[in-house]
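As structure tokens, the structure follows; a few thoughts come after it.
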Amino acid sequence: MFLKGKEETFVTLDYLSTQEKVSNLYFEVKGKPIVLAGEYGLDELKNFISNDEVEEKGEVKKTQR
């Protein structure tokens, strides 16, 4: 999926509905792939996206798993 307002960012993920978490996060930011291992809550995912915590070099500013 592409994110509204962030068309240069493509995201895929697995949604764990019983736990309200996501896993296997794959971001492509301006053509650069970023893979985040582990499970993340929906609020964490929202923060990654809305606060631009996923940087082009493939790191998360506040949380690294």
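In this text the structure is predicted, and so the values were computed from the model without any measurement.
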field: Nearest-0.5 Å distance, CG of residue Leu42 to CD of residue Gln19
entry: 11.0 Å

- prompt: So, do Lys21 and Tyr15 sit near enough that their side-chain heavy atoms are less than 4.5 Å apart?
  reply: no

field: side chain to side chain contact (heavy atoms under 4.5 Å, CB included) partner of Tyr26, chosen from Thr12, Leu13, Leu36
entry: Thr12

- request: Look at atom CD of Glu20 and say whether more than 12 heavy atoms of other residues, nucleotides or ligands are closer to it than 6.0 Å.
  value: no

